[in-house]
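Some notes on the structure that comes next.
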Amino acid sequence: QWQLVESGGGSAQAGGSLRLSCTVPTFTNIRCMAWLRQAPAAGTERKVVAALGSDDITEYSESVKGRFNISKDNAKNTLYLQMSSLKPEDTSMYYCATYNTILSYDGTCLTSARYNNFGQGTQVTVSS
């Protein structure tokens, strides 16, 4: 079974840091990898906050740019999200996701609708 498994969530004080990890069965045929988050309010959608393309180009939402860093370790088949200067508004469930395709795709990896595989999520809570 193809499965993404997140770890590393938890609680932090504002201004603090956390690192999320996601194990991926294989990086083969993955065009984009990303971290999405979904705010606690009912009816909110998951939105990409950081993405990494197969071309190693990184993209970030404006809300996290300069504070979060997405990276991967090919040897460990692991995707990371280093979160720094955390704010209470970063509180959310964070999901690892991949866009698996054998087709060519030249668009942005920030489009949430592109992703077709998701992990179960890991909670991040930031207190003021």
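Starting from 1, each residue takes its place in the sequence as its number.
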With a 3.5 Å cut-off and sequence neighbours excluded, list the donor-acceptor pairs that the side chains of residues 40-48 form with protein atoms.
from	atom 1	to	atom 2	distance (Å)
T44	OG1	A39	O	2.8
T44	OG1	A41	O	2.9

How many angstroms lie between atom CZ of R37 and atom OG1 of T122, to the nearest 0.5 angstrom?
-> 14.0 Å
Quick one: closest heavy-atom pair of L79 and C96, and the distance?
-> CD2-SG, 4.0 Å
Is any side-chain heavy atom of L36 closer than 4.5 Å to a side-chain heavy atom of S112?
-> yes
pair E59-I70: side-chain heavy atoms closer than 4.5 Å | no
4.5 Å side-chain heavy-atom contact, I30 and C32 = no
E89, CD: over 12 other non-hydrogen atoms inside 6.0 angstrom = yes
Aromatic Y80 / basic K72 pairing, under 6.0 angstrom, 45° off normal | no
Min side-chain heavy-atom separation L81-F68 under 4.5 Å | yes
Exercise: identify the closest heavy-atom pair between S17 and S85 | OG-N, 4.5 Å
Is E6 close to L4 at the side-chain level, that is, under 4.5 Å between some pair of heavy atoms?
-> no
Going by heavy atoms in the side chains, are V124 and M93 under 4.5 Å from each other?
-> no
Indicate whether the side chain of Y99 and that of R31 have a donor and an acceptor atom separated by less than 3.5 Å.
-> no
Shortest non-hydrogen contact between S21 and T78, atoms and distance = CB-CG2, 4.1 Å
Quick one: pull up CG in L18 and CD in Q82 and give me the separation to the nearest 0.5 Å.
-> 8.5 Å
Give the minimum heavy-atom separation between L86 and A12, together with the two atoms involved.
-> CD1-CB, 3.9 Å
Following the transitive rule for hydrophobic clusters with a side-chain heavy-atom cut-off under 4.5 Å over Ile, Leu, Val, Met, Phe, Trp and Tyr, establish whether M33 and Y115 coincide in one cluster.
-> no
Verify, without hydrogens or angle tests, whether T101 (side chain) and L103 (backbone) share a donor-acceptor contact under 3.5 angstrom.
-> yes
Got Q3 and T23 here, is their nearest side-chain heavy-atom distance under 4.5 Å?
-> no
Backbone N/O of T125 and side chain of T91: donor-acceptor pair under 3.5 Å = no
Hey, does the side chain of T108 reach the backbone of L110 with a donor-acceptor pair shorter than 3.5 angstrom?
-> yes
Who are the side chain to side chain donor-acceptor pair (under 3.5 Å) partners of S61, not counting sequence neighbours?
-> S63
Would N100 and N29 satisfy side chain to side chain donor-acceptor pair (under 3.5 Å), going step by step from the backbone distance to the final call?
-> CA-CA 6 Å; N100 296 55; N29 291 333; over 6 Å; no
Examine distances only and state if a side-chain atom of T58 and a backbone atom of L52 form a donor-acceptor pair shorter than 3.5 Å.
-> no
Here the pair of heavy atoms bringing P88 nearest to S127 is CG-C, 4.5 Å
Is W35 reaching over with its side chain to a backbone N or O of L20, donor-acceptor style, under 3.5 angstrom?
-> no
Got a second to check how far N74's CG is from F27's CZ, nearest 0.5 Å?
-> 5.5 Å
Just wondering, do Y95 and Q38 contact through their side chains at under 4.5 Å, heavy atoms?
-> yes
Is there a donor-acceptor pair under 3.5 Å between the side chain of Q123 and the backbone N or O of S92?
-> yes
